[in-house]
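What follows is a single structure, written as structure tokens, with notes after it.
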Amino acid sequence: MSWHATILTLFPEMFPGPLGVSLAGRALREGIWRCEALDIRSFATDRHRTVDDTPFGGGAGMVMRPDVADTAIAAAMPDGDRRPLVYLTPRGRLLDQAMVRDFAAGPGIVLFCGRYEGLDQRVIEARGMREVSLGDYVLSGGEVAALALLDACVRLLPGVMGAAESAVEESHSAGLLEYPHYTRPAEWQGRAVPPVLLSGHHAEVARWRRHQSEAATRERRPDLWNRIQVAGTQAPA
């Protein structure tokens with residue numbers, strides 16, 4: 001059975017979008033995963049297909065209605081559907097590689113793309129939605145975040161990537177940023193490839209790469225480095 005992604009959105013035409021090309025697109029055509037986009041607006045009950053209303057307590061903007069959202073979710077997830085239900089929102093837990101691996105290891109995912117000021121809290125609680133954020137910034141809606149999350153998951157599915165070890169050695173796979181890469185020519189515009197990479201000594205290359213990963217993580221992402229130190233979960237060299 002293929003990995004099944006359902007996206008609840010006001011803009012279903014955005015999917016599969018960039019996921020229809022390259023490795024994800026090939027995997028989609030080969031049936032490794034499925035992409036289904038449902039229009040939330042089609043579950044509205046009035047003639048204007050209204051999906052939002054003014055917030056209780058006042059304030060700017062509009063809020064997505066819980067009744068319309070819940071009807072859409074029910075249509076996307078029939079009884080017995082074991083896929084996680086994720087609400088993409090700036091107030092959610094920050095998406096990381098461990099979360100991506102968990103999603104990719106399951107039967108698929110249901111993504112609810114927020115718009116306006118967000119979704120009524122009651123449906124989030126009633127449905128046990130997992131709130132996930134792509135980063136500490138605000139997008140116009142959850143669709144771009146959904147595309148990024150799906151791309152991260154699909155590339156981990158069996159048969160999608162050409163070399164399995166690529167997914168193991170890349171950034172964040174072991175909590176560290178990835179080491180720098182080099183290819184031919186060995187010298188370019190007066191810049192030479194580090195000699196250790198030309199030495200043929202695999203153990204020395206591995207140590208150099210490990211050192212580079214640690215140095216980049218300490219310098220660029222001290223939050224990740226501190227987390228690794230506290231947890232004691234550094235990957236083996």
Side-chain angles (χ1 to χ4, degrees), residues 3 5 15-33 35 88 93-106 109 132-137 139 143-237:
W3 195 80
F15 298 89
L19 299 177
V21 298
S22 190
L23 293 177
R26 184 182 66 187
L28 188 62
R29 292 187 294 274
E30 293 176 353
I32 295 175
W33 73 292
C35 182
L88 295 155
R93 174 185 162 189
L94 189 64
L95 180 68
D96 59 22
Q97 192 65 18
M99 195 188 307
V100 168
R101 285 194 296 266
D102 287 342
F103 290 147
I109 196 168
V132 174
S133 171
L134 202 64
D136 296 331
Y137 45 87
L139 299 169
E143 287 78 13
V144 172
L147 288 168
L149 189 156
L150 289 174
D151 182 82
C153 290
V154 168
R155 62 195 304 279
L156 296 184
L157 300 179
V160 175
M161 294 186 69
E165 60 270 19
S166 295
V168 175
E169 294 190 0
E170 60 200 4
S171 287
H172 301 292
S173 60
L176 296 170
L177 300 184
E178 195 172 12
Y179 50 80
H181 297 278
Y182 300 87
T183 188
R184 294 182 179 86
E187 184 172 331
W188 173 75
Q189 294 187 359
R191 298 172 182 268
V193 171
V196 65
L197 300 180
L198 307 176
S199 68
H201 296 299
H202 299 299
E204 290 298 320
V205 169
R207 278 192 285 271
W208 180 88
R209 286 175 169 171
R210 173 64 186 221
H211 175 75
Q212 293 293 316
S213 289
E214 291 181 347
T217 306
R218 280 196 303 267
E219 177 184 349
R220 304 176 186 182
R221 292 293 303 276
D223 57 321
L224 291 179
W225 181 251
N226 291 336
R227 190 185 312 164
I228 292 169
Q229 298 306 301
V230 171
T233 56
Q234 293 190 62

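Quick note: numbers below take in every heavy atom, side chains included, and nothing from hydrogens, waters or symmetry partners.
Of all non-hydrogen atoms in W3 and C153, the two that sit nearest each other are CH2-CB, 3.7 Å. Closest of all the heavy-atom pairs between W33 and A24 is NE1-O, 3.0 Å. Of all non-hydrogen atoms in P158 and I32, the two that sit nearest each other are O-CG2, 3.8 Å. Contact record, A145 with L139: N-CD1, 4.1 Å, taken as the closest heavy-atom pair. The two residues R155 and V160 make their nearest non-hydrogen contact at CA-CG1, 3.8 Å. Scanning all heavy atoms of the two residues, the minimum distance from S199 to V205 falls at OG-CG2, 4.5 Å.
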### Query
Yes or no on side chain to side chain contact (heavy atoms under 4.5 Å, CB included) for L28 and L19, after CA distance, side-chain angles and deciding distance?
CA-CA 8 Å; L28 188 62; L19 299 177; 6.0 Å; no
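The stretch residues 180-190 participates, sequence neighbours left out, in these side chain to side chain donor-acceptor pair (under 3.5 Å) pairs: E178-H181. Sorted pairs that involve residues 21-31 and meet side chain to side chain donor-acceptor pair (under 3.5 Å), not counting sequence neighbours, are lacking altogether. Under the salt bridge (charged side-chain N to carboxylate O under 4.0 Å, His left out) criterion, the residue pairs touching residues 193-205 are E204-R207, with sequence neighbours excluded.
Summarising the geometry, atom CG belonging to L177 is positioned 12.0 Å from atom CD belonging to Q212; distances are rounded to the nearest 0.5 Å. If you take CD1 on I228 and CZ on R221, they are separated by 10.0 Å, rounding to the nearest 0.5 Å. In this structure, the separation between CZ on R101 and CE on M99 is 11.5 Å, given to the nearest 0.5 Å. Between R218 atom CZ and N226 atom CG the span is 11.0 Å, to the nearest 0.5 Å. Between atom OG1 of residue T217 and atom CD of residue Q229 there is a gap of 10.0 Å, rounded to the nearest 0.5 Å. Atoms CZ and CG, on R209 and L197 in that order, are 6.0 Å from each other to the nearest 0.5 Å.
The shortest side-chain heavy-atom distance between L176 and E214 falls under the 4.5 Å cut-off. W225 has its side chain out of reach of E219: every pair of non-hydrogen atoms, C-beta onward, lies at least 4.5 Å apart.
Using a distance-only test at 3.5 Å, with no hydrogens or angles considered, a donor-acceptor pair links the side chain of S213 to the main chain of Y179.
With sequence neighbours excluded, the residues that form a salt bridge (Lys or Arg N to Asp or Glu O under 4.0 Å) with R93 are D96. Residues that satisfy the side-chain contact (heavy atoms from CB on, under 4.5 Å) test with A152, not counting sequence neighbours, are V100. With sequence neighbours left out, the salt bridge (Lys or Arg N to Asp or Glu O under 4.0 Å) criterion links D136 to no other residue.
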